[in-house]
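To start, the structure itself, in structure tokens.
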Number of protein chains: 2
Amino acid sequence: MPRIRHERFDCSPGCTVEGALRYIDGKWKGVVLYHLFEGTMRFNEIRRRIPNCTQRMLTNQLRELETDGLIARKVYAQVPPKVEYSLTPRGRSLEPVITALKIWGDANVTLVPEVSQAAA
Amino acid sequence: MPRIRHERFDCSPGCTVEGALRYIDGKWKGVVLYHLFEGTMRFNEIRRRIPNCTQRMLTNQLRELETDGLIARKVYAQVPPKVEYSLTPRGRSLEPVITALKIWGDANVTLVPEVSQAAA
DNA sequence: CATGACGGTATCCTTTTCGACACTATGTGC
DNA sequence: GCACATAGTGTCGAAAAGGATACCGTCATG
């Protein structure tokens, strides 16, 4: 059931900020969009780029993004299934937002280098 | 207890996008920041600008923003308490992000005009 | 004396989110 | 005959987020 994350916004000015935020919060939506800016991608292609995201979560996020009209899902009626995801114009219009987030994140978020596996 | 929302980011590129997002998700953070760009404000001043946010939630969000180093909290030892909130440089550096969100939100989020009360 | 403004806390409860895991169908390769 | 790849779905349960409500002490005001 596609839940509604941006139900009512009858609050004061600045509220559209919250409204916009509702579209891209959710654990992996930011990254998914970020990767889709590179172009159309298949399900497992996205999945491989976000290894920490489980399959179920990825499906969920993609479904929500689709419901929100940010991405398009194209299913090919083939026998090894093939599904392609791409940005809609609306999704693409989020680029300045994602870019701003990327810039700020690069400057302010401390990435943890891949230690855990190697150091064991 | 200030929970940690941006614990580990050892995933692929684009992950800083998610990292940045973690700082500003949370129900009212976007709006709070947006209003604070106008200048230093007292608790109830912010509160009045975001009527749909309960006192408890506002306190929470402010505390988290403070913990994350985005805003500064200045308490005056007065008898009707006085507490001022303002952006830190780091918080101020989020301006492009919030601005991008505002622009996108203004264009894409349908605000519900204040019906409920008047139309009864 | 009661009330309200200030800036919160404390408590309780419901909803939402997220992660783990198993399971599905079909076709291909070995 | 078995495993693998594709793109998912279903179920379960823990944890977190969010909302409602009541309460706190102090001072000024009526």
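This structure is a prediction, so every number in the text was calculated from the model and none was measured. Lettering of chains follows the sequences in order, A, B, ..., and the numbering in each one begins at 1.
For D:dA17, neither phosphate oxygen OP1 nor OP2 lies less than 4.0 angstrom from any side-chain nitrogen or oxygen of B:R22. The phosphate of D:dG19 (OP1 or OP2) has a side-chain N or O of B:W28 nearer than 4.0 angstrom. For B:R48 and C:dC6, the shortest distance from a side-chain N or O to OP1 or OP2 is below 4.0 Å. The side chain of A:K82 places no N or O atom within less than 4.0 Å of a non-bridging phosphate oxygen (OP1 or OP2) of D:dA5.
When all heavy atoms of B:Y23 and B:K29 are compared, the closest pair comes out as O-CD, 3.4 Å. Closest of all the heavy-atom pairs between B:A20 and A:L101 is CB-O, 3.5 Å. Of all heavy-atom pairs spanning B:Y85 and B:R63, the tightest one is OH-NH1, 3.6 Å.
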*Mind running side-chain contact (heavy atoms from CB on, under 4.5 Å) on A:L62 and A:R73 for me, showing each step along the way?*
CA-CA 9 Å; A:L62 289 169; A:R73 181 164 175 269; over 6 Å; no
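Counting non-hydrogen atoms under 4.0 angstrom, A:T54 reaches the backbone sugars and phosphates but no base. The residue A:Y85 sits close only to the backbone: its heavy atoms come under 4.0 Å of sugar-phosphate atoms, none of a base. Residue contacts for B:R47: at a heavy-atom cut-off of 4.0 Å it reaches no nucleic acid atom on any strand shown. As judged by a 4.0 angstrom heavy-atom cut-off over every strand, A:Q55 is placed among the base-contacting residues.
Heavy-atom distances to DNA chain C give each of B:R56 and B:N44 a nearest nucleotide, and the one nearer the 5′ end belongs to B:N44. Comparing B:R73 and A:C53, the nucleotide of DNA chain C nearest to each residue sits closer to the 5' end for B:R73.
Taking every side-chain heavy atom of B:V83 into account, C:dG7 is the closest of C:dG7, C:dC18, D:dA7. Comparing D:dG18, D:dG8, C:dG8 by their closest approach to the side chain of B:R63 singles out C:dG8.
Here C:dC6 presents its P atom at 16 Å from OH of B:Y76, a figure rounded to the nearest Å. Distance A:M57 CE to D:dA7 P: 19 Å, rounded to the nearest Å. Between A:I50 atom CD1 and D:dA7 atom P the separation is 14 Å, expressed in whole Å. Distance, B:L62 CG to C:dT9 C1': 15 Å, rounded to whole Å. In this structure, A:E45 atom CD and D:dG8 atom P are separated by 13 Å, rounded to whole Å. Rounded to a whole Å, the CG atom of A:D25 is 12 Å from the P atom of D:dA17. Going from atom CG of B:L58 over to atom P of C:dG8 covers 9 Å, rounded to whole Å. What separates CE of B:M41 from P of C:dG8 is a distance of 15 Å, to the nearest Å.
A donor-acceptor pair is defined here as one N or O able to donate and one able to accept, closer than 3.5 Å; no such pair exists between the side chain of A:R47 and the backbone of A:R42.
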